[in-house]
2 protein chains.
Amino acid sequence: MARKTTTPCCPPESPATRAAVLLAAPDDPVADAQLAAFAKAIAHPTRVRILRLLAHREARMCSHIVDELPLAQSTVSEHLRILRAAGLVRANESGPRVGYCIVPAVLTQFKHLLDDL
Amino acid sequence: MARKTTTPCCPPESPATRAAVLLAAPDDPVADAQLAAFAKAIAHPTRVRILRLLAHREARMCSHIVDELPLAQSTVSEHLRILRAAGLVRANESGPRVGYCIVPAVLTQFKHLLDDL
DNA sequence: TCGGCGTATCGTCAATCGACGATTGCCGAT
DNA sequence: ATCGGCAATCGTCGATTGACGATACGCCGA
């Protein structure tokens, strides 16, 4: 909106070029949905922050994260649930002491999907 | 949720180690917000698809994208607005023939932010 | 000049998100 | 055996999102 485009990057093309290019359509709805799902998982500053905390090993238990953020425990738990549902984070399910950590492989997959754009 | 964690990745740590590690906290709310904003922009399969169409030069005008998708013109226009607001896409504002294109530099910035995770 | 095409915007509606308090459930320690 | 702290879940509320049709706007060609 504040963009004063001095050099137009993309004048409308002729129908001919367009038709030729259309032959090679990727159209991978699965990859689109996957990438969108990952993106949605980190589409909130708090969840990015949580990922960073986990990546830097500064917090591993939910209560630690709660200490770092101005949010209620239930809210943090919900954010963790979303990150877990996306596969970006894992928890060792062993009672009241739940340790959280990043799943590097999934994060890498995320990065690859983005790179393919 | 279907994860049967055989090897717990992250047993709770001692308070001592934790305190030591806490000294180096990154805490960059700006980067968090920026990354979250980018992610939110592509947190919808349709917008990922649109980005791909633009990246592959298969569609440049809004009407072309509308032809490719089972969505109303106003809906596509709205998705384009969101992508533009995030800076990922640019339009040459010159009347009824609006050409859309990706802004590679911004996309690269997005990738870097994700890599920093 | 005047249609008509291609976009943007507006208003509406259902669905989803984000945050919270309250509650429940679990182990480990007392 | 009970207690106390940690985490997940539930129910609720307001705000936001995603979709649509209808409408307004601005150039280009007839």
Side-chain angles (χ1 to χ4, degrees), chain A residues 1 3 5 8 10-15 18 32-33 36-37 39-50 53-54 59-86 89-101, chain B residues 1 3 5 8 10-15 18 32-33 36-37 39-50 53-54 59-86 89-101:
Chain A
M1 43 186 68
R3 196 82 202 141
T5 146
C10 33
E13 61 197 358
S14 76
R18 180 174 145 64
D32 290 354
K40 183 181 260 191
I42 67 163
H44 195 288
T46 296
R47 290 197 287 274
V48 175
R49 181 98 163 86
I50 291 177
L53 289 173
L54 292 178
R60 311 190 83 173
M61 293 174 46
C62 179
S63 60
H64 296 160
I65 299 174
V66 172
D67 291 344
E68 299 284 333
L69 301 175
L71 294 173
Q73 177 266 325
S74 58
T75 304
V76 172
S77 184
E78 173 70 3
H79 283 305
L80 282 170
R81 190 191 62 78
I82 293 171
L83 289 173
R84 248 190 309 159
V89 155
R90 181 160 46 153
N92 60 344
E93 314 274 0
S94 60
R97 299 270 159 141
V98 181
Y100 284 97
C101 62
Chain B
M1 46 179 65
R3 197 80 204 141
T5 148
C10 33
E13 61 197 356
S14 76
R18 179 173 145 64
D32 290 355
K40 183 181 263 191
I42 67 164
H44 195 288
T46 296
R47 290 198 287 273
V48 175
R49 181 98 164 86
I50 291 177
L53 289 174
L54 292 178
R60 311 189 83 172
M61 293 174 47
C62 178
S63 60
H64 296 161
I65 299 175
V66 172
D67 291 343
E68 300 283 335
L69 300 176
L71 294 174
Q73 176 267 325
S74 57
T75 304
V76 172
S77 183
E78 173 70 3
H79 282 306
L80 283 169
R81 190 191 61 79
I82 292 171
L83 289 173
R84 249 190 308 158
V89 154
R90 181 162 42 156
N92 60 346
E93 314 273 2
S94 59
R97 302 266 158 146
V98 181
Y100 285 97
C101 64

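The structure presented is a predicted model; accordingly, all values stated were derived computationally and were not measured.
- Checked against dA19(C), dA8(D), dT7(C), the side chain of His44(A) finds its nearest nucleotide in dA19(C).
- Taking only side-chain nitrogens and oxygens, His79(B) comes nearer than 4.0 Å to OP1 or OP2 of dA19(D).
- For Gln73(B), whose side chain is taken as the heavy atoms from C-beta onward, the closest listed nucleotide among dA8(C), dA19(C), dG18(D) is dA8(C).
- In this structure, CG on Asp67(A) lies 9.5 Å from CE on Met61(A), to the nearest 0.5 angstrom.
- With distances taken from any side-chain atom of Leu71(A) to the nucleotides dT7(C), dC20(C), dG18(D), the minimum falls on dC20(C).
- In this structure, the nucleotide among dT7(C), dC20(D), dC6(D) sitting nearest to the side chain of Ala72(B) is dC20(D).
- Across all strands shown, Ile82(B) has heavy atoms under 4.0 Å from sugar-phosphate atoms exclusively, and none from any base.
- Residue Ile50(A) contributes atom CD1, which lies 10 Å from atom P of dA19(C) at whole-angstrom precision.
- In the set dA19(D), dA8(D), dA8(C), dA8(C) carries the atom at the smallest distance from any side-chain atom of Tyr100(B).
- The residue among Lys40(A) and Thr75(B) whose nearest nucleotide of DNA chain C lies closer to the 5′ end is Thr75(B).
- Side-chain nitrogen and oxygen atoms of Arg84(B) include at least one within less than 4.0 Å of the OP1 or OP2 phosphate oxygen of dA8(C).
- Atom NE2 of His64(A) is separated from atom P of dA7(D) by 7 Å (rounded to the nearest Å).
- Distance, Leu69(A) CG to dG18(C) P: 15 Å, rounded to whole Å.
- In this structure, Leu80(B) and Thr46(A) both approach DNA chain C, and ranking their closest nucleotides by distance from the 5' end singles out Leu80(B).
- If you check every strand for non-hydrogen atoms under 4.0 Å, Glu78(A) touches nothing.
- Looking at heavy-atom distances under 4.0 Å, Ser74(A) makes contact with a base.
- Atom-to-atom distance recorded for Leu83(B):CG and His44(B):NE2 is 11.0 Å, nearest 0.5 angstrom.
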